[in-house]
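The chains referred to below are lettered A, B, ... by the order of the sequence lines, with proteins before strands, and numbering in each begins at 1.
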Amino acid sequence: MLQQRLIEALGTDAVKTAPEDLAVYAFDAYSQGVMPAAVVLPASTREVAAAVKIANDCGEPVIPRGAGTGLCGGAIPARGGVIFSFARMNRVLEVDARNRRARVQPGLINLDLSKHVAKAGMFYAPDPSSQKVSTIGGNIGTNAGGPHCLSYGTTVNHVLELEIVDENGDVILTSLDDIGYDLTGVLVGSEGTLGIVTSAWVRLLRQPETVRVWLAAFDDVHAASAAVTGIIGAGIIPTALEMMDQVMLPAIEAAFHAGYPTDAAAVLLIESAGFEDEMNLHESEISRVVKEHHATTWRAAKSEAERDALWAGRKGALGATGRIAPNYYIQDVVVPRTKLPQALQAVADACEPQGIIAGNVFHAGDGNLHPLLMYDRGDPKQVAAVIEAGNQILGAAVDLGGTISGEHGIGYEKRDTLRRIFSTDDLATMSRVREVFDPKRRLNPEKIFPAGIGCAEVQ
Amino acid sequence: MIVKSIDALRETLERCDREGLKVLIEGGKTLAGMGPALPRADVSIATTGLNKMLAHESADLTCSAQSGMRVAHLNEALAKHGQFVPIDVPLRKKATIGGSLAAGWPGPRRHFYGRARDFVIGSQVCLADGTLASAGGMVVKNVSGYNMDKLYIGSFGTLAVFTHLNFKTLPIPKKRRALIAPLPEATRPRAIAQIASMAVVPAAAFCVEGFGKNVDGSDDIDGRVLLYFEGTEELLERATLDARSALGKAGVPETTIIDTGASESFDRTLDACIANKRGRSITYRLFGLPGTVEERAVRLRDACNRHELFTDVLFDVMNGDVFVRASERDATRFSEKIATCHAELRELEPRCAIVAGDSAARASFEPWGAVPPGIEKMRALKARFDPHGTLNPGRFIGGI
């Protein structure tokens, strides 16, 4: 019934029902859900709306999906239902250069937008490490960040207007410039639990005149952390300020030949963008700070190729973990940046007693850690140890005044963990929003909210 | 009543909600000209007693302050550590941070730094039933749960009352500079295009007609352009060269530089957006794209002029906001003319909203303009958060 009606509305090519096809969509980058009842690949807002109405009629949940790169299970069909893939809604619809904005479909790959507008001297700022494959729609769902969010902010700062299909299959337009409640701001980061984004106007930025990238290496991870605080404390907010540790540096270097010193305890990758004169000032000031913190190496990328190589290592770091262990589990926590040394110690304390190798590659300027816990999925003891260590790290971040997700979202994985930072009243207040947008709880169920919050059970 | 503690706020709201009393929420009352003329309410609650800085983690570039703290006081406290939060509102010495955020005032530096909302990293609110609810936290990056702060910001106090707000802060720019030049209307389109494409982006850029001494620069018939730059000494030198060149190409011959007092000049321009002529003026605001800012400003101005109203016009070149103040010398004549003018403005630009004017002058007008497409969801949110209609009832768009 469901499958037949979807095929009638969208056509055979746009509906997948074969078990081998559905199995692919039972996963995302976090883990496996249950088999969906169907997968649709709509080509227009009208088709999205039609499919939502059919899913509603059949009592099936609706799960929007970008590229499936989410690391918290936000796109898994936790209760089955209809997966909405936006692989066919992947275009830049309009570029408004005068007003520096673009209207895009949700399936557009993040990096493709910056490529599309590069000739006009513009770029799209949010740049998650997955930007070569992750989609703008998925980024909006998780309020994705990335290395350059240190100065540019996360996705929510760059979304101007949204077109969504709501739980009834109705189309709603929202705009930051509308007088009224900021529905746009609430929809971003709601992980598909409030509506399905079918297009978005996003902000574009002008490409900077000069971009400089510097590398600083340290013998001591605490000194590197102190240098991060020192740079920001000197009144400089670089466009990116990333850290990689001793575990990761040899693996990344072996994989990418980025030019990282493999014997350092920690390396900072620092980028600043602006005008030549400003960059000269930044260079001398940042150089002074890192040397004060006993940097053993300090150098600037001398060419665009060298700059790209330094970034390629950082952005490809997760892939390099295969040189250390068969599998990795990545955490995403944030602490006040002055608490980085304690947070890194907490990672070590959680992992070392259990014999887990932990690497760190993260957005140090934001205090956003991404501990990479290496393990072998085939060994149940290692799996259990990694889960336990991950929980300890979450707890430590909260104890340090931080939070449990900086940019990956809550999804399925962390929904119960949300109780560590929010009271029942806090969560019940959030659930009031959910009750307005999704009273039947069919939009991406079992995501974000722990069960049994407040005045209504929230799936 | 002025509440001085969170407990007092919570208890008062809970009691009013239980007893069916309507509550008017007030901050510094600087933006009281927004929305309908103040409705009758059973209780007025001012948050100005909640005025403490709760934390300033200067090394982390974060702070937390109670909602009744004045915007100027917040930034004075942060300035001791060389930091600030760009909350651009008129009358910032009087405006509270909670009121400013609740009113969702659009800052002219938002294209440069981001919106004030983008600097809020966490908050606590009190709901109509007295429930205290927190969102976000004290870290600069956070996707744990819904963006509840965004929902409350710009909600005009109709969903909840801020008790405190957490911000990320910025280092204070090393230098500020204002450039002011006369700008005849004929040269304006070219000048605006030049400004919009300058290599060094101004922190704010306004074109102004009228407003007398409210705004710096000569108030002759030509109007003027005001550019504000923030950054290093070197950047400002380059900005000055660029700006003079850009304006020169547009036929603007001379530019005045203000270094000492540039901040105050900027503040005066912001204040002008709601400058009111007692009983005989109304100011309209119209959002839109920067690319159409001048044509919208001219359209609103000319409509007012057709009704023989005086106009003062201020528009934001970088963000596209237009402010037009319609006035008369005599209050009676004003009320006669503005009635028909208001109807015409609404027809021309359904989204133009009233942001300033005495209660008497704007009493008979719907202030917000056309309802947005998401109004039904907004009404449902209001019903879910404030089912008894306790908080600021009827003060917001669509009668929310």
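- Residue Asn280(A): no heavy atom, backbone or side chain, is found under 4.5 Å from chain B.
- A salt bridge links Arg432(A) to Asp129(B): at least one charged side-chain nitrogen sits closer than 4.0 Å to a carboxylate oxygen.
- When heavy atoms are compared at a cutoff of 4.5 Å, Asn368(A) approaches chain B solely by way of its side chain, counted from C-beta outward.
- Ile421(A) touches chain B through its side chain: at least one heavy atom from C-beta onward sits under 4.5 Å away, while N, CA, C and O do not.
- Within the 4.5 angstrom heavy-atom criterion, only backbone atoms of Leu132(B) (N, CA, C, O) approach chain A.
- Ring centroid separation for the pair Phe84(B) and Tyr113(B) comes in under the 6.0 Å cut-off.
- Looking only at atom types and distance, the side chain of Thr198(A) has a donor-acceptor partner in the side chain of Glu163(A) under 3.5 Å away.
- Of the atoms belonging to Asn157(A), heavy atoms from both backbone and side chain fall under 4.5 Å from chain B.
- Each of Val188(A), Leu187(A), Asn139(A), Val197(A) was compared with Val159(A) under the side chain to side chain contact (heavy atoms under 4.5 Å, CB included) criterion, and only Val188(A) meets it.
- Interface residue Thr142(A): only backbone heavy atoms are found under 4.5 Å from chain B.
- Proximity to chain B (any heavy atom under 4.5 Å) is shown, for Ile404(A), by both the backbone and the side chain.
- Interface residue Arg337(A): backbone and side-chain heavy atoms are both found under 4.5 Å from chain B.
- When heavy atoms are compared at a cutoff of 4.5 Å, Ile179(A) approaches chain B by way of both its backbone and its side chain.
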Check your understanding: Given Glu435(A) and Arg384(B), is the salt bridge (charged side-chain N to carboxylate O under 4.0 Å, His left out) satisfied, shown in steps?
Key -> CA-CA 8 Å; Glu435(A) 287 158 20; Arg384(B) 193 67 196 82; 2.6 Å; yes
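- Heavy-atom distances place both the backbone and the side chain of Ile232(A) under 4.5 Å from chain B.
- Contact of Ser190(A) with chain B is made through backbone and side chain together, with heavy-atom distances under 4.5 Å.
- Between chain B and the options Gly180(A), Gly145(A), Gly189(A), heavy-atom pairs under 4.5 Å are most frequent for Gly180(A).
- Interface residue His408(A): only backbone heavy atoms are found under 4.5 Å from chain B.
- Using a 3.5 Å distance cut-off with no hydrogens or angles, the side chains of Gln124(B) and Thr163(B) do pair a donor with an acceptor.
- When heavy atoms are compared at a cutoff of 4.5 Å, Leu281(A) approaches chain B solely by way of its side chain, counted from C-beta outward.
- Of the two parts of Phe422(A), only the side chain, counted from C-beta on, holds a non-hydrogen atom closer than 4.5 Å to a non-hydrogen atom of chain B.
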